[in-house]
Q: 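Please find one structure pasted underneath; my questions will follow.
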Number of protein chains: 2
Amino acid sequence: MRNEVAPVRHGTMRERNLAVVLGEVTRRQPVSRARLAQVTGFTKTTVSSLVATLKDAGLVKEDGPVRGGERGRPATAVSVNGDRVAGLGLEVNVDYLAACVLDLGRRIRHRHIVAAANQGRDPERVIAALTRLAEQAIAAAADQGLSVAGAVVALPGALDRMRGRLRTAPNLGWSDVAAGELLEAGLPPLPLPADYDNEANLAALGELWFGDGPELGAYVHVSGEIGIGAGIVVDGRVFRGAHGFAGELGHVVVDPGGAPCACGGRGCLEQVAGQEAILRAAGIADATATSPASPDGPLSALVALLERGDERALTAVRRAGESLGQALAAAVNLLDPDTIVLGGVFSTLAPWARPAAEAALAGGAGVVRGSPPRMTVSRLGGDAAALGAAALVVERVLGDPGKLLTVARPTAAPAP
Amino acid sequence: MRNEVAPVRHGTMRERNLAVVLGEVTRRQPVSRARLAQVTGFTKTTVSSLVATLKDAGLVKEDGPVRGGERGRPATAVSVNGDRVAGLGLEVNVDYLAACVLDLGRRIRHRHIVAAANQGRDPERVIAALTRLAEQAIAAAADQGLSVAGAVVALPGALDRMRGRLRTAPNLGWSDVAAGELLEAGLPPLPLPADYDNEANLAALGELWFGDGPELGAYVHVSGEIGIGAGIVVDGRVFRGAHGFAGELGHVVVDPGGAPCACGGRGCLEQVAGQEAILRAAGIADATATSPASPDGPLSALVALLERGDERALTAVRRAGESLGQALAAAVNLLDPDTIVLGGVFSTLAPWARPAAEAALAGGAGVVRGSPPRMTVSRLGGDAAALGAAALVVERVLGDPGKLLTVARPTAAPAP
DNA sequence: CTCAATTTGTACATGACCTGGACTAATTAA
DNA sequence: TTAATTAGTCCAGGTCATGTACAAATTGAG
C-alpha cells in the first residue's frame with residue numbers, strides 16, 4: 001500500500017551519509033572536504049570523518065594539496081578511486097557471450113566478447129562458458145589491482161531477477177534455466193549479491209552511462225533483435241511494471257487484421273519490424289539460421305542491399321520504420337518520455353528507417369505534450385547490455401558504499 | 001543521473017522512525033508497544049519514546065489496557081487517532097466543484113459537491129467558489145475538532161504541480177491559470193504545503209484507498225470523461241513520465257486512417273470511445289451542451305437507451321469498448337499492470353462496454369505475461385478525484401508525520 | 001620580509017537518539 | 001499466595017553528527 005519504510009539506526013544514517021558524500025565526490029571530483037561540507041550541509045568535521053571511511057575502503061583517494069591561487073590554506077583534492085574496486089557485467093545472447101569490467105570511474109578495464117552459437121545449445125554448457133569468461137575477467141581485474149565488488153548478468157528473456165532463473169528465452173530456445181545458480185556455483189563469492197536482468201533493460205541503462213547520458217531525461221530505448229523490446233528508464237531507474245514485462249513494444253498492434261503473431265494477436269509490431277520480418281520482406285532468405293561467421297549476422301547482407309539502393313530492401317526497412325513509429329507513438333502517449341533511443345538492429349538500420357519512424361511518431365504523438373520526443377540513435381555496440389550491467393554494479397557501489405565496508409578491504413593488509 | 005540522496009541527521013532519523021512506527025500502527029491497529037517493538041525491530045524503549053511523540057502530536061491515541069486472556073501484564077492498545085488531524089481534497093471539474101475532508105482513519109468527515117457549469121466560465125470566479133467550499137470544509141472540520149493538515153487540489157488539465165498553475169484545461173476552455181495562487185490567497189495557511197495534480201491521477205489514487213485497495217497491485221485506472229485519460233499507479237505512486245503527460249490513453253491510435261483528431265493524428269481512441277463520440281454514434285444529439293440540471297449529464301439519456309436495448313446505442317458502446325480494449329492492450333504491453341480499473345463514464349457504461357473491451361484486450365495483450373490483467377470497475381462516484389486528493393493528504397501525514405510535529409498542535413492548549 | 005587575513009582540516013566536548021539490561025507493573029496458572 | 005509471564009519505563013552506554021576551538025598552510029599588504 002504505502003512504501004515500506006525501514007527503521008533507521010545510527011549505522012543506517014552513516015551509510016546514507018557516506019553515499020551522500022561519495023555522490024558529491026563523483027559529481028564534482030576533484031573536490032575539497034571544505035567544499036563537500038558546503039554542498040552537503042554537513043560540518044567539516046563530519047565530512048572529514050566520512051571521507052576517511054571512504055578512503056579506508058578504497059573508494060576515494062586524496063590527490064595531494066592543490067594551490068587554487070586564492071589565499072588560505074590549499075585544499076587537498078578528494079576524488080573517486082578508480083584503482084581498487086570494479087564492477088563485472090556479463091551477457092548471454094543468441095550469438096555471443098560477453099564480459100566487461102568497469103572501474104569506479106566507469107573506465108573499461110577489460111572487455112571480452114566471444115562469438116558463440118547459443119541458440120538451442122545446452123544451457124549448462126553455455127553458462128559454463130560464461131563462468132570461464134567471468135573468471136578471466138575477475139583475474140584480469142586482479143592483475144590491475146582491482147577487486148570485483150559484484151556482478152550483474154544480462155539474459156535474453158523473461159526471468160526471476162532475484163534468483164537469476166530464466167523462465168523463457170524464446171530466441172535461445174531455453175526455458176526454466178537456473179542460470180544464476182549455475183553461474184554462482186562456479187564463481188568465487190563476491191561482496192555484493194549477483195543480480196540478473198533482461199538484456200533490453202540493461203542495454204537501456206548502458207545508454208544512460210555511455211551514450212548521451214543525463215541529456216536523455218526519461219527515455220525509451222528500443223532494442224530490436226529477433227524480438228523487439230523496449231527498456232523504459234525514468235530517473236535513472238528501469239520501469240518494469242508489475243511482473244517485469246513492461247516495454248513489450250514488439251507486441252503492440254500496428255496493423256489490426258494483419259499477420260497473426262505467436263502471441264495470439266494480429267498485426268503485432270514484430271510481424272512487420274522484427275529482424276526476421278524485415279529480412280523476409282527484403283527478400284533475404286533463411287533469416288533464422290544465424291551464422292556466427294558473419295560478424296553482424298544476416299543483417300550485413302541487408303545493409304549491403306540498402307547501400308546499393310535496392311528498392312525492395314528500402315521499402316521493407318521504411319515500412320518497418322513506419323510501424324515502429326506507430327508503436328512508439330502509443331508508447332509516447334502512455335509513458336511521456338523525453339527521448340527515444342534506437343538501439344539493436346535499429347541503430348544499424350537507422351539511416352534508412354529513421355525518417356519513416358520519426359514521421360509516424362510525429363503523426364500520432366499526443367496533443368498536450370506539444371512536440372514529439374527527440375529520437376536518437378545508440379552509438380553503443382553489440383555488448384551494450386554487458387556494459388550496462390557492469391555500470392549498474394558501479395552505480396550500486398557508488399549509491400550505497402556502506403554495503404562494501406563490512407566486507408570489502410580488497411587484498412587485505414593488517415593495520416600496523 | 002542517480003537519485004539524489006539527502007543528508008541524514010539525527011532529526012531525520014527520528015522522523016523516519018516516527019513514520020515507521022506510525023505505519024505499523026495504521027497497519028495493525030490496535031497494537032501494543034511491545035508488538036510494535038517486535039515488528040519494527042526497535043527496542044521497547046525506543047518504541048515508547050516514538051509513540052509518546054506521536055501521541056503528543058495527536059496522531060495516535062491509547063485505548064486503555066486490553067486483557068488478552070493470556071497471562072502477563074495487559075497491553076495498552078495504541079491506534080491511529082482519527083479525531084485530531086484531517087486532510088482536505090478539492091476538485092474543479094467541468095460540471096461541478098467538490099470538497100472532501102478525511103480524518104486519519106480515512107473516514108469521510110465532510111463532503112460537498114456543488115453542480116456548476118464551469119466550462120468557459122471566468123477562472124477567478126470558479127476558484128473563488130472553490131475557495132469558499134474549502135473554507136466551509138475547514139470550518140466543518142474544526143467543528144468536529146479536526147485540524148486540516150494540508151490540501152491537495154484536483155484540476156482537469158495539464159499543470160505545473162508545484163505551483164498549481166494550470167497550463168491548459170481543454171474541457172474548461174482555460175489556459176495558463178494560476179489556480180494555486182488564487183486559491184491559497186483566499187485560504188489560511190496550512191501546515192503542509194498545498195499540492196496540485198491532474199484529476200485522472202488523483203481519481204486513480206482514490207481507487208487505491210477506497211476501491212479494491214492493495215489487491216490492485218500495479219494498475220491502470222481509465223478515467224473517461226470528455227477526454228480519456230489513464231492514471232498509472234505502481235507501488236502506490238503515480239507514474240507521470242517526464243513532463244506529467246503519461247497516460248494519455250485517449251490519443252493512442254486504434255484505427256489508423258480513421259477520423260482525424262485535434263491532436264493531429266487519425267483514429268485516436270477518443271474519436272471512437274470519447275463521451276461525445278459515443279453519444280454521437282448512439283444518435284444522441286448535442287453532446288457538448290452539458291446541462292448541470294440532469295445529474296449524470298447527457299449520459300443518463302444514453303443509459304436509458306441501453307437499458308431499453310436500443311440497438312444503435314448498444315453498437316456504439318460495444319464499439320467504444322472494443323477500441324478501449326485495443327488501446328489498453330498497448331498499455332498492457334508497455335506497462336505490465338496487474339489490473340485495469342474502469343472509471344469515469346466507463347464505470348457507468350461497463351455493463352455494456354466491458355465484454356467487448358475484455359475480448360479486445362485478451363486478443364492483443366502480450367505473449368510473455370501469459371494472461372491479460374484483471375479488469376475491474378470503479379465503484380467510486382463522481383468526486384473520486386476529491387476523495388483521492390484528500391486521501392493523498394492523509395497518506396502524506398502518515399508517511400511523514402515529522403513534517404507536522406514542528407507546526408502542528410491543533411487548537412493549542414498550554415501544558416500545565 | 002613580516003604580519004594580518006583567510007581558508008583548510010582536525011581535536012574535543014556536547015547533544016540527539018537508539019540500545020540494552022535492570023526494574024516495576026499487572027496479569028494468569030498453579 | 002506464589003511463580004511465571006508479559007508490558008512498559010528508567011537509566012547507563014554507545015554511535016554519530018554538531019559546534020567551537022585550534023593548528024596548518026597559504027596570499028596580500030605594509
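Computed from a prediction, not measured in an experiment: that's the story for all the values here. Naming: A, B, ... by sequence-line order, numbering from 1 per chain.
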Q: Quick check on R163(B): does its CZ atom have over 12 non-hydrogen neighbours (other residues, nucleotides or ligands) under 6.0 Å away?
A: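 Not more than 12 within 6.0 Å, no.
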
Q: Measure from the side-chain N and O atoms of S49(A) to the backbone N and O of T45(A), and report whether any donor-acceptor pair falls under 3.5 Å.
A: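 No; zero donor-acceptor contacts below 3.5 Å.
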
Q: Under the ring-ring contact (aromatic ring centres under 6.0 Å, His included) test, which residues partner F42(B), sequence neighbours left out?
A: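 Here no residue qualifies.
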
Q: Going 5' to 3' on DNA chain C, which nucleotide is the first and which the last to come under 4.0 Å of a heavy atom in chain B?
A: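 Answer, 5' to 3': dG15(C) to dA29(C).
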
Q: Looking at P7(B), is its backbone amide N or carbonyl O close enough to the side chain of N17(A) to form a donor-acceptor pair, meaning the two atoms are under 3.5 Å apart?
A: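 Not confirmed, N17(A) side chain does not pair with P7(B) backbone.
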
Q: For R71(A), give me all partners under side-chain hydrogen bond (donor to acceptor under 3.5 Å, both in side chains), at least two apart in sequence or on another chain.
A: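 Checked R71(A) against side-chain hydrogen bond (donor to acceptor under 3.5 Å, both in side chains); zero matches.
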
Q: I'd like to check the side-chain hydrogen bond (donor to acceptor under 3.5 Å, both in side chains) partners of T76(B); sequence neighbours left out, ordered by chain and number.
A: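 By the side-chain hydrogen bond (donor to acceptor under 3.5 Å, both in side chains) rule, T76(B) matches R33(B).
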
Q: If a protein heavy atom is under 4.0 Å from the base, mark B; if only from the sugar-phosphate, S; if neither, -; do that for nucleotides 21-30 of chain D going 5' to 3'.
A: --BBBBBS--

Q: Does this structure show an ion pair linking E395(B) with R106(B), if we count only N-O contacts that are shorter than 4.0 Å?
A: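 Yes, E395(B) and R106(B) are salt-bridged.
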
Q: Sequence neighbours excluded, which residues qualify as side-chain hydrogen bond (donor to acceptor under 3.5 Å, both in side chains) partners of R109(A)?
A: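 R109(A) satisfies side-chain hydrogen bond (donor to acceptor under 3.5 Å, both in side chains) with D83(A), D103(A), Q144(A) only.
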
Q: Write out a two-atom table: protein N or O, nucleotide N or O from nucleotides 14-17 of chain D, distance below 3.5 Å.
A:
from	atom 1	to	atom 2	distance (Å)
dT15(D)	O2	H10(A)	NE2	3.3
dC16(D)	O2	H10(B)	NE2	3.1
dA17(D)	OP1	N17(A)	ND2	3.1
dA17(D)	OP2	R14(A)	NH1	2.5

Q: Please work out which residues in residues 29-38 of chain B have a non-hydrogen atom less than 4.0 Å from an atom of DNA chain D and list them by number.
A: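 When residues 29-38 of chain B is checked for heavy atoms under 4.0 Å from DNA chain D, the hits, listed by number, are S32(B), R33(B), A34(B).
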
Q: For the pair D160(B) (side chain) and M162(B) (backbone), establish whether a donor and an acceptor sit closer than 3.5 Å, ignoring hydrogens and angles.
A: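 Answer holds: yes.
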
Q: Taking five pairs at each end, how big is the angle between the two axes of the helix from dC1(C)-dG30(D) to dA30(C)-dT1(D), to 10°?
A: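 That helix has its two terminal axes inclined by roughly 10°.
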
Q: Measure from the side-chain N and O atoms of E62(B) to the backbone N and O of V78(B), and report whether any donor-acceptor pair falls under 3.5 Å.
A: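 Between the backbone of V78(B) and the side chain of E62(B) there is no qualifying donor-acceptor contact (under 3.5 Å).
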
Q: Taking ring-ring contact (aromatic ring centres under 6.0 Å, His included) as the definition, give me every residue that meets it alongside Y219(A), ordered by chain and number, with sequence neighbours left out.
A: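 For Y219(A) there are no ring-ring contact (aromatic ring centres under 6.0 Å, His included) partners, ignoring immediate neighbours.
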
Q: Going by the ring pair (Phe, Tyr, Trp, His ring centres under 6.0 Å) test, which pairs reach into residues 10-34 of chain A, not counting sequence neighbours?
A: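 Output for this query lists H10(A)-H10(B).
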
Q: Suppose we screen for side-chain hydrogen bond (donor to acceptor under 3.5 Å, both in side chains). Which residues come up paired with D197(B), at least two apart in sequence or across chains?
A: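 Only N201(B), R240(B) meet the side-chain hydrogen bond (donor to acceptor under 3.5 Å, both in side chains) criterion with D197(B).
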
